[in-house]
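Some notes on the structure that comes next.
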Amino acid sequence: QVQLVESGGGLVQAGGSLRLSCAASGRTFSVNAMGWFRQAPGKEREFVSACFWTGANTYYGDSAKGRFTISRDNTKNTVYLQMNSLKPEDTAVYYCNVEFRVAPGVGPFGSWGPGTKVTVSS
């Protein structure tokens with residue numbers, strides 16, 4: 001099982017920046033990918049960004065393209081989301097997600113963090 005803890009959320013003015021962090025802990029066979037989703041009040045959870053645990057490929061939802069950057073530090077088992085040029089519509093709870101296998105060929109399974117709240121004021 002993999003546990004996730006997000007941090008870095010808060011209140012920021014429109015046009016500002018925040019950097020979210022997601023630290024993974026626990027024992028597992030392998031991690032495939034980590035990513036970020038968000039859920040605004042009254043809306044469904046939506047994909048923001050993701051990356052594989054190895055390699056350089058990154059993926060972004062339409063709302064994040066050109067403004068957000070995902071990165072990771074494998075030595076710290078941590079993934080980051082740098083958010084620039086924030087807009088009020090970016091206000092949401094941001095959740096980290098990890099895809100992992102518990103043994104060769106067993107999985108993948110997913111785990112969610114508790115979320116970190118981002119509020120962007122106009």
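- Linking Ile, Leu, Val, Met, Phe, Trp and Tyr whenever their side-chain heavy atoms come within less than 4.5 Å puts Phe109 and Leu4 in one cluster.
- Counted by atom type alone, Ser17 and Asn84 present one or more donor-acceptor pairs between their side chains at under 3.5 Å.
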Solution key, residues 91-106 side-chain donor-acceptor pairs under 3.5 Å, sequence neighbours excluded:
residue : atom : partner : partner atom : Å
Thr91   : OG1  : Pro88   : O            : 2.9
Thr91   : OG1  : Val120  : N            : 2.9
Thr91   : OG1  : Val120  : O            : 3.4
Tyr94   : OH   : Arg38   : NH1          : 2.9
Tyr94   : OH   : Asp90   : O            : 2.7
Asn97   : ND2  : Ser111  : O            : 3.3
Glu99   : OE2  : Asn32   : ND2          : 3.1
Arg101  : NH1  : Gly107  : O            : 2.9

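- Evaluation of the salt bridge (charged side-chain N to carboxylate O under 4.0 Å, His left out) rule for Lys65 yields Asp62 as partners, not counting sequence neighbours.
- No continuous path of hydrophobic side-chain contacts links Phe47 to Trp36 [ILVMFWY only; heavy atoms under 4.5 Å].
- The backbone N or O of Gly115 sits less than 3.5 Å from a side-chain atom of Glu6, completing a donor-acceptor pair.
- Remark: Tyr59 OH is packed, more than 12 non-hydrogen atoms of other residues, nucleotides or ligands lying under 6.0 Å away.
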Audit row: Asn57, Cys51, side-chain contact (heavy atoms from CB on, under 4.5 Å) steps and yes/no: CA-CA 6 Å; Asn57 288 351; Cys51 63; over 6 Å; no
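- By the criterion of side-chain heavy atoms lying less than 4.5 angstrom apart, applied directly or through intervening Ile, Leu, Val, Met, Phe, Trp or Tyr residues, Leu18 is grouped together with Val79 in one hydrophobic cluster.
- Taking 4.5 Å as the limit, some side-chain heavy atom of Leu20 sits within range of a side-chain heavy atom of Val118.
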Trace of the side-chain contact (heavy atoms from CB on, under 4.5 Å) decision for Ser63 with Glu46: CA-CA 10 Å; Ser63 61; Glu46 68 169 340; 4.1 Å; yes
Ser49 vs Leu81, side-chain contact (heavy atoms from CB on, under 4.5 Å): CA-CA, chis, key distance, verdict: CA-CA 8 Å; Ser49 183; Leu81 185 68; 4.1 Å; yes
